[in-house]
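Written out below as structure tokens is the structure these notes cover.
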2 protein chains.
Amino acid sequence: MQAGREFLMKETDLDNGHGTVKERILKEALYLFSERGFEGTSLQSIADAVGIQKPSLIYHFPSKEDLRRHVLESLVAYWKNELPRILTPADSSSDRLVSTMTSLINFFVEDLNRARLVVRELLDRPEETFALLSEQFSPWTRLIGDYLRMGQQSGLYRKDVAPELFIVQVLVMVIGTVAIGGATSGLVSTESYTPRGLLIKELVRIVQASLYSEQP
Amino acid sequence: MQAGREFLMKETDLDNGHGTVKERILKEALYLFSERGFEGTSLQSIADAVGIQKPSLIYHFPSKEDLRRHVLESLVAYWKNELPRILTPADSSSDRLVSTMTSLINFFVEDLNRARLVVRELLDRPEETFALLSEQFSPWTRLIGDYLRMGQQSGLYRKDVAPELFIVQVLVMVIGTVAIGGATSGLVSTESYTPRGLLIKELVRIVQASLYSEQP
DNA sequence: TATAATGACTACCATTTGGTAGACAATAAT
DNA sequence: ATTATTGTCTACCAAATGGTAGTCATTATA
């Protein structure tokens, strides 16, 4: 069966409706990695999802490992951009800690795959992910930690909060809730997943109750 | 290179130091599944870890899927036994809710692979795991929910706690902290994992602060 | 217009995967 | 003592995997 090879569409860097091939690969890879895990996802399945052949995929990302890094990088890049904006004292209307958490929640809820991917990375490559978080974000979390300590001295926050540990716990709770909260709700429901909104509402309540001092 | 096949040890059901072959397989499978994931673990690697050949492994567990189910079953079985004991009003000395959470934490801290495996299952097979939790544990969590509501009426617990959602969140926090807390602590440390004990201490603080009413 | 670079393809390939077939030794049952 | 069962092994196998080689059309560059 000789090929024929009649037309061979070629995609330039210009966006023609669905984005660059490279972007589409990253999108499908994020989805499949987060849904089935890195090891559980074949390059073939990604190529199929994008609608190209495997070697075309490998042309854009020379190895599976390379693709993984780029997928992860896109998440990191987002936060390296966003964090300065969020933590800049632009509006002092609401608590900066809570607004940061809100941004965090929104980011992960907007696309659940992000949370799932992060959790998988933390499980699959703990040391590597530890190092990445440390390098990319520890300055920012130190800032938040200081902010938290100030709030403690001013009496806004509880004195028994352990700032650094609290920050870690909040992240664990947020990505945990988004990534596995739905399925975990099988504990209390026989019908279907508890709406994520409700879970997050309770999460926010827990965080606030364990953070703020009681003002009588 | 002809085999030789000089001795062929055979293991009976009797324990000869390291447990039955079947038990050793389950142990290594739990470890490898939780560390590398189901898809990331080959039957060969499990057989190597146990010190047998692959077909011997398949003799005991006819398929990889079958092995997975048995590994999971051993965790479920433990809690089906333990929960009645814990929730029985034996000692009313300490809060039953907190003592249950303590048992939960101890179980997962005792062997970190347990928490990692549960998280992986929740990610890899959300619907299936939802159903399993629902079938096996929802009666028990309903009991805890009622207990929580009683405590609310007596004024012990905060009125704004949403019992069912709170229970789900506590489980998410506990297994989240044990499974990914260490690596997540890269956010605030450049050196090494934050000791799990500290993370858990803050976790317990958060839970208690968000559960108990302030008694002035 | 000729030439180089890009991006897609077909056809492979070595390795690993989950799993099977069948031989064989040790133990248990008759 | 003979037979059946159990558990382990060696030797395979088809399918899938990550990746390579090389072809060819389109686009950009000279």
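We name chains A, B, ... by the order of the sequence lines, and we start the count at 1 in each one. Not measured: the values here are computed from a predicted model.
- Not one N or O on the side chain of B:S45 forms a donor-acceptor pair closer than 3.5 Å with the backbone of B:T41.
- For the pair B:R125 and B:F130, the NZ or CZ position fails the cation-pi test of under 6.0 Å to the six-membered ring centre and within 45 degrees of the ring normal.
- Rounded to whole Å, the distance from CD1 on B:I25 to P on D:dG7 is 11 Å.
- The distance from atom NZ of A:K22 to atom C1' of C:dT6 is 12 Å, rounded to the nearest whole Å.
- Seen from the ring of A:F107, A:R114 counts as a face-on cation partner, given the 6.0 Å and 45° thresholds.
- For the pair B:Q53 CD and D:dC12 P, the computed distance is 15 Å after rounding to whole Å.
- For the pair A:S56 and C:dG7, the criterion of a side-chain N or O lying under 4.0 Å from OP1 or OP2 is not met.
- The CG-P distance, from A:L67 to D:dT17, rounds to 15 Å in whole Å.
- Taking all atoms of both residues into account, the shortest heavy-atom contact from A:V172 to B:G176 is CG1-C, 3.6 Å.
- The separation between A:R24 atom CZ and C:dG7 atom C1' is 13 Å, rounded to whole Å.
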Between A:S103 and A:E82, is the side chain to side chain donor-acceptor pair (under 3.5 Å) condition met? List the steps. CA-CA 9 Å; A:S103 302; A:E82 204 70 351; over 6 Å; no
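- Contacts between residues 58-66 of chain A and DNA chain D, counted as heavy-atom distances below 4.0 Å, involve A:I58, A:S63, A:K64.
- Using modelled atom types and a 3.5 Å distance limit, the side chains of A:T141 and A:E164 yield no donor-acceptor pair.
- Within residues 30-44 of chain B, the residues having any heavy atom closer than 4.0 Å to DNA chain C are, in order of number, B:T41, B:S42, B:L43.
- Within the 4.5 Å cutoff, no side-chain heavy atoms of A:D124 are placed close to those of A:T129.
- In this structure, A:T20 contributes its side chain and A:K22 its backbone to no donor-acceptor pair below 3.5 Å.
- If you take CG of A:L57 and C1' of D:dT20, they are 15 Å apart, rounded to a whole angstrom.
- For the pair A:K54 NZ and C:dA11 P, the interatomic distance rounds to 14 Å; values are reported in whole Å.
- Here the closest heavy-atom approach between residue B:P84 and residue B:W79 is recorded as CD-O, 4.2 Å.
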